[in-house]
Trainee: 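Right, I'll just put the structure down here and ask away after.
Proteins come first, then strands; the chains are lettered A, B, ... in the order of their sequence lines, and each starts at number 1.
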There are 2 protein chains.
Amino acid sequence: MDETADPPPLSAPATVEEFRDRLADLAERLPRRLRQCADYIAANTDRIAVSTVAELAAGADVPPSALMRFCQILGFSGFSEMQRLFREAYSPGWPDYSTRLQNLKAGEAGSPSALLGEFIEAGRLSLEALAKSVDEAALSQAVQLLSRAETIHIVGLRRAFPVSSYLAYVFEKMAVPAMLHDGVGKLDHRFALRPGDAVLAITFAPYSTETVALALDAQQRGLPVVALTDLPTSPLIRAASAVLMVQEVDFGAFRSLSATIALAMTLAVAVGSARG
Amino acid sequence: MDETADPPPLSAPATVEEFRDRLADLAERLPRRLRQCADYIAANTDRIAVSTVAELAAGADVPPSALMRFCQILGFSGFSEMQRLFREAYSPGWPDYSTRLQNLKAGEAGSPSALLGEFIEAGRLSLEALAKSVDEAALSQAVQLLSRAETIHIVGLRRAFPVSSYLAYVFEKMAVPAMLHDGVGKLDHRFALRPGDAVLAITFAPYSTETVALALDAQQRGLPVVALTDLPTSPLIRAASAVLMVQEVDFGAFRSLSATIALAMTLAVAVGSARG
DNA sequence: CAGATTTTGGAATTTTTATTCCATTCTTCC
DNA sequence: GGAAGAATGGAATAAAAATTCCAAAATCTG
């Protein structure tokens, strides 16, 4: 009979900060559906003010009633009360991307935000350049070669290592047999290359000798090699059966990887779905 | 019999600009109450997305029915249609893709170049979102914490591993003492954390327990922890002294890393130059 | 593995909001 | 000053949205 007062009767968050705090606090211990709500809401807080329960629920991929329960757990009487908070706090983010970027770059030269502006711009330009310059024939051929391989050997060190490790991750997610040659212990695993396999080699100037060596070795054994590199003068080219070229825009001595990763992902996903 | 076609059958404005033009055009020749509507709406365009008919009518000091009539005169079927324009214009409508991209995507669906178009677009959108959402204060604080550290410990696995390995590369190029915790051999190297060091932890949903564990461990020893993560609900947050949040746009199940890398680079270069 | 407890999805209900309609009030112009 | 037409306000209705409730499913516990 004494239903020991279950949840302390939370009062509704009064500010957006309070809201975020409570959300972060609660999220970990919520059951699955409610957790989905929390994540979606966290990622799309700005849409609360202009959406209906049904729209948000659809976005979070839960039924509307789950979202209602979620609002109540946060301490609101319901969705409407929560929405009121955001409608009142709402001020449109009108200054759009290009304006915002200008502001970022205009900040005191050398400040972190100015730097960020530069890197964002460099990434954007690289992506645009890639869109313009991609060689569709080479891309299709690369996909074909890799789709037919038994195991795909991925090699890319130093600056190319983030790319090769991401490729390895994506292939694993798609259950494509792949081996990442990461150079740990200076082992080169050359003899892991078996007939029927293929090599995906990635390197940019200044080129890694280990990567080039592995690619040449594979070629001599008659394995197909797909090269992901930057210039027509790359030493990788004479080892390769298919060449994908991508040039990143530098910012100072530093180079974005946006375009390279976009291209690598494309390759991985296309291969993954071709192998089906 | 020929009821001389009354008002030319206006179609609804399709953009906010069109809306403003039509409003300016019409306002002068409207009768009193409708004129009030026009004036109030012109001055409070930004509230349309988040208000009800009744609220706006009260603001303009007219009855709701007058406001309804006003919407229809502007060419909308009613208030809801007008509101939809502003709700959509507000949040998600990051504008203007370049036309090149459209072409890429237009290629045979499922073809590699169509895929590439999607990844390029996802990267672009992620960069734009980052430009909008970056928390400059948190960024400065993160730079400060890492600049003061003796050794910087970088930890990020699975999907975050490309980011952490790139950070390690850049720090090395800049001669900043840094250690990459890569989980090789399942060693956690927890005791490499020394007083005076700092941790830069990177993880995205679904969060890596190893990364979170190392961050918490560091926090308990009183070391500063900089978190690079995606959502306010991330378990990393309660371990962190500075939190950088970045959200990537998904394409299907796959996620670009463009924005994350841009932010990571910024951090690395800012720290590198702060340490001279 | 059975029973207890929590979580979930969706249909039913209530509340709010948008929209229409029409009697009344203002304007205008003869 | 009165008739014709336009404009108006508010009550009535329709549509949409929020909220509740409960049976079924999933999960936990002994």
Side-chain angles (χ1 to χ4, degrees), chain A residues 1-10 12 26-41 44 47-88 90, chain B residues 2-8 10 12 26-41 44 47-88 233:
Chain A
M1 51 197 75
D2 70 325
E3 352 130 328
T4 32
D6 26 12
L10 293 169
L26 254 51
E28 305 201 343
R29 343 168 204 134
L30 290 176
R32 189 169 124 265
R33 280 284 113 106
L34 295 178
R35 182 68 202 260
Q36 268 174 263
C37 293
D39 287 342
Y40 183 80
I41 290 292
N44 300 76
R47 300 191 50 167
I48 297 175
V50 295
S51 302
T52 65
V53 172
E55 285 164 0
L56 290 175
D61 198 25
V62 301
S65 52
L67 210 130
M68 287 304 298
R69 237 171 286 137
F70 171 77
C71 297
Q72 287 161 355
I73 285 175
L74 253 63
F76 298 101
S77 68
F79 173 75
S80 298
E81 192 178 316
M82 179 170 107
Q83 190 176 54
R84 185 159 45 246
L85 173 64
F86 288 93
R87 286 192 166 177
E88 277 159 13
Y90 165 98
Chain B
D2 71 327
E3 353 131 324
T4 33
D6 25 11
L10 292 168
L26 254 53
E28 305 203 337
R29 350 175 196 126
L30 290 175
R32 187 167 125 265
R33 281 283 116 109
L34 296 179
R35 180 69 197 264
Q36 269 175 262
C37 293
D39 289 344
Y40 183 80
I41 289 294
N44 299 76
R47 303 296 313 171
I48 297 176
V50 295
S51 303
T52 66
V53 173
E55 286 163 1
L56 290 175
D61 198 27
V62 301
S65 51
L67 211 131
M68 286 305 297
R69 239 170 288 140
F70 172 78
C71 297
Q72 287 161 355
I73 286 174
L74 253 65
F76 299 101
S77 69
F79 173 75
S80 299
E81 193 178 315
M82 180 170 103
Q83 190 176 53
R84 185 160 46 247
L85 173 64
F86 288 93
R87 286 188 168 180
E88 276 161 12
T233 56

Trainee: Just how far, in rounded Å, is C1' of D:dA17 from CZ of B:Arg87?
Mentor: 11 Å
Trainee: Rounded to whole Å, please give me the gap between CG in B:Leu56 and C1' in C:dT17.
Mentor: 12 Å
Trainee: Which nucleotide sits closest to the side chain of B:Pro64: C:dT19, D:dG9, D:dA18?
Mentor: C:dT19
Trainee: Can you give the dot-bracket line for DNA chain D, using ( ) for pairs inside the strand, [ ] for pairs that cross earlier ones, | for pairs with another strand and . for unpaired bases, where Watson-Crick and G-U count if both distances are under 3.5 Å?
Mentor: ||||||||||||||||||||||||||||||
Trainee: Nucleotide by nucleotide, 5' to 3', does protein get under 4.0 Å of the base (B), only the sugar-phosphate (S), or neither (-) in nucleotides 22-30 of chain D, counting heavy atoms?
Mentor: ---------
Trainee: Which pair of heavy atoms, one from B:Leu56 and one from B:Ile48, lies closest together, and at what distance?
Mentor: CD1-CA, 4.3 Å
Trainee: Considering heavy-atom distances to DNA chain C, does A:Val62 or B:Glu81 have its closest nucleotide positioned more toward the 5' end?
Mentor: A:Val62
Trainee: To the nearest Å, give me how far apart CG (B:Leu34) and P (C:dT27) are.
Mentor: 14 Å
Trainee: Could you state the atom-to-atom distance from CG of A:Asp61 to P of C:dT8 in whole Å?
Mentor: 13 Å
Trainee: Search all heavy atoms of A:Ala60 against all heavy atoms of A:Tyr40 and return the closest pair with its distance.
Mentor: CB-CB, 3.5 Å
Trainee: If you assign B:Ser51 and A:Leu30 each to the DNA chain C nucleotide with the nearest heavy atom, which residue ends up on the more 5' nucleotide?
Mentor: A:Leu30
Trainee: Counting C-beta onward and ignoring hydrogens, is there a side-chain heavy-atom pair between B:Cys37 and B:Arg33 closer than 4.5 Å?
Mentor: no
Trainee: Of the options D:dT8, D:dT19, C:dT20, whose atoms approach the side-chain atoms of B:Gln72 most closely?
Mentor: C:dT20
Trainee: Report yes or no: does A:Gln83 contribute a side-chain atom to a donor-acceptor pair with the main-chain N or O of A:Ser51 at less than 3.5 Å?
Mentor: yes
Trainee: Whole-Å distance between C:dC21 P and B:Met68 CE?
Mentor: 12 Å
Trainee: Expressed in angstrom and rounded to an integer, what is the separation of B:Gln36 atom CD from D:dA7 atom P?
Mentor: 15 Å
Trainee: Taking OP1 and OP2 of C:dT20, is either one under 4.0 Å from a side-chain nitrogen or oxygen of B:Ser65?
Mentor: no
Trainee: Show, in sequence, the C-alpha distance, side-chain angles and deciding distance for B:Glu55 and B:Val50, and conclude whether the side-chain contact (heavy atoms from CB on, under 4.5 Å) test is met.
Mentor: CA-CA 10 Å; B:Glu55 286 163 1; B:Val50 295; over 6 Å; no
Trainee: Let's see if you can work this out: which of C:dT8, D:dA18, C:dA18 has an atom nearest to the side-chain heavy atoms of B:Phe79?
Mentor: C:dA18
Trainee: Atom CD of B:Glu55 and atom P of C:dT17: how far apart are they, to the nearest Å?
Mentor: 7 Å
Trainee: What nucleotide among D:dT19, C:dT7, D:dT8 has an atom nearest to a side-chain atom of A:Pro31?
Mentor: C:dT7
Trainee: For a quick test of reading the model: is some side-chain N or O of B:Ser80 closer than 4.0 Å to OP1 or OP2 of D:dA16?
Mentor: no
Trainee: Rounded to whole Å, please give me the gap between CD1 in B:Ile73 and P in D:dA6.
Mentor: 13 Å
Trainee: Might you point out which heavy atoms bring A:Leu85 and A:Phe76 nearest each other, and give the distance in Å?
Mentor: CD2-CZ, 4.1 Å
